[in-house]
Amino acid sequence: MRALVIEALTAMQSEGVLPEGLDFKNVAVEPPRDALHGDMATNAAMVLAKPAKMKPRDIADVLAAKLMDDVRVEVAEVAGPGFLNMRLAANLWQGVVKAALVGGVDFGRSDMGAGKSANVEYVSANPTGPLHVGHCRGAVFGDALAGLLAYCGYDVTREYWVNDAGGQVDVLARSAYERYREANGLEFEVKEGLYPGDYLVPVGEALKEKFGDSFIDKPESDWLVTFRDITMEEMLRQIREDLEALNVNMQVWTSERSYYESGKIEKTLEELREMGLVYRGVLEPPKGKEPDGWEPREQTLFKATEYGDDVDRPVQKSDGGWTYFAPDLAYHYDKVKRGFDVIIDVFGADHGGYVKRMKAIVAALDTEKRVHFDIKLTQLVKLFKNGEPFKMSKRAGTFITLRDVIEQVGPDVTRFVMLTRRNDAPLDFDFDKVLEQSKDNPVFYVQYAHARVCSVLRKATDAGIVVDDATLAAADLTKLGSDAEITVAKKIAEWPRLVEIAGRTNEPHRVAFYLYELASELHSLWNKGNDDTSLRFIQEDDAETSQAKIALARSVAVVISAGLGILGVTPAQEMR
RNA sequence: GCACCCAUAGCUCAGCUGGAUAGAGUGUCGCCCUCCGAAGGCGAAGGUCGAAGGUUCGAAUCCUUCUGGGUGCGCCA
């Protein structure tokens with residue numbers, strides 16, 4: 001459509017109506033918010049009025065006449081300050097239905113990522129226990145984002161950063177040791193600073209199975225490494241299982257420990273040192289909230305302030321060990337070097353403080369300025385049951401694991417609900433409401449629309465009407481003429497554009513909202529069929545008209561299944 | 001103290017690269033539903049887009065300041 005307008009404008013230039021040398025890049029051609037204004041609108045006249053030194057209306061009038069010459073434009077009229085509204089020929093919308101049927105789930109696929117690669121890192125929870133609901137949103141969001149980018153043509157890598165180094169895995173090992181003692185008949189005591197969760201009980205038993213009582217009362221140095229590796233492996237196995245239950249499948253699991261062992265950290269720092277971005281120095285204490293026992297110490301620091309961070313970040317502790325930041329530095333450098341065009345980190349909102357330093361890292365290390373780096377934060381999930389909020393507490397035993405959620409509501413519902421809000425807004429998750437089978441529940445509403453179409457297809461087949469996609473695509477779609485039907489077709493036409501926007505902004509929730517709107521249009525048409533039998537999909541004794549109408553319904557289902565596919569949700573064939 | 005995120009209808013939330021009279025659901029109110037596709041349908045009311053400035057043909061959207069809420073702030077990961 002835009003090409004059409006630009007073409008007309010160029011013609012106006014060569015005819016001398018418009019001066020030469022105008023920049024058309026601000027000329028937008030898009031569907032207006034209010035459908036009353038037509039199908040397409042352009043701001044060309046207003047944008048060009050100033051540089052062309054002409055009145056917007058004069059430009060618009062000529063442009064309107066030009067566009068009317070095109071067969072695809074039925075009406076072009078000037079409105080308001082200089083908007084140009086176009087009403088398109090009905091066959092254009094009918095063409096959309098056909099395109100959706102021919103394209104199938106690929107209808108709407110964008111090529112914005114063609115030939116590019118993207119890395120999405122998400123979840124990345126410490127392997128010290130099972131995943132809980134807090135991880136769930138990040139998992140779903142990251143996975144849907146990865147799905148969205150894949151739909152936009154990117155070659156996507158889904159990655160999990162495993163924090164298998166540092167103090168917390170030693171704590172894990174000691175916690176498992178306590179359970180191991182318990183398995184050997186000794187009394188279990190909750191020690192300060194250890195993980196009390198009973199998920200380590202089976203691990204303790206397995207350790208007893210394997211080692212008997214040989215490590216009882218032995219010094220920590222005898223068993224720590226062995227216990228740590230075994231326990232961590234078990235935790236990772238559980239995490240993998242949990243994610244699989246949610247239909248999240250990571251392709252790459254990168255170990256933090258491997259960075260310590262391979263010397264990648266040193267290498268990265270060496271390069272940064274050569275760039276003059278690492279130095280020895282002393283940090284100021286944080287303002288306002290001075291920690292107890294603060295004393296200034298000399299540390300190795302990364303010049304994050306050079307790239308927009310608030311303070312320089314320590315990479316080495318005063319005792320010479322690496323801070324958590326050091327492997328992060330090396331890890332992101334590695335991602336840059338692996339050649340990704342797009343790198344996205346998905347963090348929980350409680351890690352919001354890391355955004356600037358991470359961006360500083362990539363800005364410093366991506367010396368060619370080739371990588372598009374983005375960090376998406378997922379806000380908290382508030383849990384409700386029977387309309388009552390309930391808090392998660394490890395001590396009170398109301399620790400809700402991700403597995404609990406999936407077992408209660410299923411992966412499809414969990415995923416969709418988690419995406420019915422912008423990622424940076426808090427989300428309420430009510431166990432009862434998400435399972436409710438009513439219009440109030442967006443998951444149900446969208447699934448129901450898909451199921452209704454499936455039901456039409458089944459009934460049509462029973463009635464002897466041929467309804468495979470190829471036949472439907474070839475149906476006489478000029479029979480789709482009513483406003484109600486065209487409205488649905490227009491919604492379908494929005495799909496490719498929506499994918500583009502969602503992909504560009506890295507916001508998969510837009511897909512979920514769109515699907516709700518599309519479902520709404522289908523339900524609305526369906527309801528109109530209650531009163532007006534000519535709007536029903538199956539017209540008795542008229543296979544041709546039926547096929548045209550079913551083609552429209554089917555194209556809705558095609559788009560719904562493509563959209564749900566991006567979100568990682570399975571479309572329902574029928575509601576039970 | 002500083003940084004980041006958020007503030008849109010009574011409530012829960014959408015709102016694209018700045019575009020026309022700011023949308024949806026829910027709630028409220030009114031009407032419809034004996035049967036033909038009601039796990040309903042149609043319609044109405046409801047807004048200073050937190051406040052004040054600025055940028056421009058044009059701002060919920062961009063910039064500045066302020067107010068209110070959330071999160072985070074060296075040797076934990």
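Letters go in sequence order (proteins before strands), and every chain restarts at 1.
Taking atom CE of A:M358 as the reference point, atom C1' of B:G72 lies 13 Å away to the nearest angstrom. In this entry the distance linking NZ of A:K491 with P of B:C16 reads 14 Å, nearest Å. Straight-line distance from the CE atom of A:M112 to the C1' atom of B:C16: 13 Å, rounded to whole Å. To the nearest angstrom, P of B:G15 lies 10 Å from CG of A:L498. Look at CG on A:D350: it is 9 Å from C1' on B:G72, rounded to the nearest Å. Remark: P of B:A39 and CG of A:N441 are 16 Å apart, rounded to the nearest angstrom. Rounded to whole angstrom, the span from the CD atom of A:Q316 across to the C1' atom of B:G74 amounts to 14 Å. The OH-C1' distance, from A:Y324 to B:G72, rounds to 15 Å in whole Å.
Judged by distance alone, the side chains of A:E521 and A:T487 never bring a donor and an acceptor atom under 3.5 Å apart. Checking A:N163 against A:E256 by side-chain atom types alone, a donor-acceptor pair falls below 3.5 Å. Side-chain contact annotation: A:H351 with A:D345, donor-acceptor N/O pair under 3.5 Å absent. Between the side chains of A:E261 and A:S258, not a single donor N or O lies within less than 3.5 Å of an accepting N or O. Side-chain polar atoms of A:N423 and A:T378 form no donor-acceptor pair below 3.5 angstrom.
Take the nearest nucleotide of RNA chain B for A:Y260 and for A:D310: the residue whose nucleotide is more 5' is A:D310.
Separating the P atom of B:A3 from that of B:A20 is a span of 34 Å, rounded to the nearest Å. Nucleotides B:C32 and B:A51 place their P atoms 41 Å apart, quoted to the nearest Å. When the P atom is used for both B:U21 and B:G27, the distance is 31 Å, rounded to whole Å. Using P as the reference atom, B:G18 and B:C57 are 15 Å apart when rounded to the nearest Å. To the nearest whole angstrom, the two C1' atoms, one in B:A22 and one in B:U8, are 8 Å apart. Nucleotides B:C36 and B:A45, compared at atom C1', are 34 Å apart to the nearest Å. When the C1' atom is used for both B:U26 and B:G46, the distance is 13 Å, rounded to whole Å. Comparing B:C11 with B:U34, their C1' atoms sit 37 Å apart, to the nearest whole Å.
Using a 4.0 Å heavy-atom criterion, one finds that A:I501 contacts the bases of the nucleic acid, with or without backbone contacts as well. A:A502 comes within 4.0 angstrom of no nucleic acid atom, judged by non-hydrogen atoms across all strands. Using a 4.0 Å heavy-atom cutoff across all strands shown, A:G352 reaches no nucleic acid atom at all. Contacts of A:F537 with the nucleic acid, taken as non-hydrogen atoms under 4.0 Å apart, include base atoms. Among the heavy atoms of the strands, none lies under 4.0 Å from A:G529.
With sequence neighbours left out, A:H135 forms a ring pair (Phe, Tyr, Trp, His ring centres under 6.0 Å) with A:H132. By the ring pair (Phe, Tyr, Trp, His ring centres under 6.0 Å) test, A:Y307 is found to be paired with no residue, residues two or more places apart in sequence or in another chain being considered. When the ring pair (Phe, Tyr, Trp, His ring centres under 6.0 Å) test is applied to A:Y333, no partner is found at least two apart in sequence or on another chain.
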Could you pull out all donor-acceptor pairs under 3.5 Å where a side-chain atom in residues 512-519 of chain A meets a protein atom, sequence neighbours excluded?
unit_1	atom_1	unit_2	atom_2	d
A:Y514	OH	A:K491	O	2.6
A:E517	OE1	A:K491	NZ	2.8

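Here the nucleotide nearest the side chain of A:R497, chosen from B:C16, B:C36, B:G41, is B:C16. Here B:A3 is the nucleotide among B:G15, B:A3, B:C16 with the atom lying nearest to any side-chain atom of A:K356. For A:P314, the listed nucleotide lying nearest its side chain is B:G74; candidates were B:A24, B:G74, B:C16.
A sub-4.0 Å separation between OP1 or OP2 of B:G74 and a side-chain N or O of A:R313 is absent. For A:K528, no side-chain nitrogen or oxygen approaches OP1 or OP2 of B:G41 to under 4.0 Å.
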Could you run down the sub-3.5 Å N/O contacts of the protein with nucleotides 5-14 of chain B?
unit_1	atom_1	unit_2	atom_2	d
B:C6	OP1	A:D424	OD2	3.3
B:U12	O2'	A:R421	NH1	3.3
B:C13	OP1	A:R421	NH1	3.4
B:C13	O5'	A:R421	NH1	2.9
B:A14	OP1	A:R422	N	2.9
B:A14	OP2	A:R422	NH1	3.1

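Taking the six-membered ring for Trp and the full ring otherwise, the centers of A:H509 and A:F141 sit at least 6.0 Å from each other. Ring to ring, A:Y259 and A:W161 are close: their centroids are under 6.0 angstrom apart.
Cation-pi geometry between A:K549 and A:F537 is not met: the NZ or CZ atom fails to fall both under 6.0 Å from the ring centre and inside 45° of the normal.
For a distance-only test at 3.5 Å, the side chain of A:R504 fails to qualify as a donor-acceptor partner of the base of B:C16. For B:A39, its base sits under 3.5 Å from the side chain of A:Y448 at one donor and acceptor pair at least.
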Could you write out RNA chain B as a dot-bracket string, with dots for unpaired bases, | for bases paired across to another strand, and Watson-Crick or G-U pairs counted at under 3.5 Å? (((((((..((((.....[...)))).(((((.......))))).....(((((..]....))))))))))))....
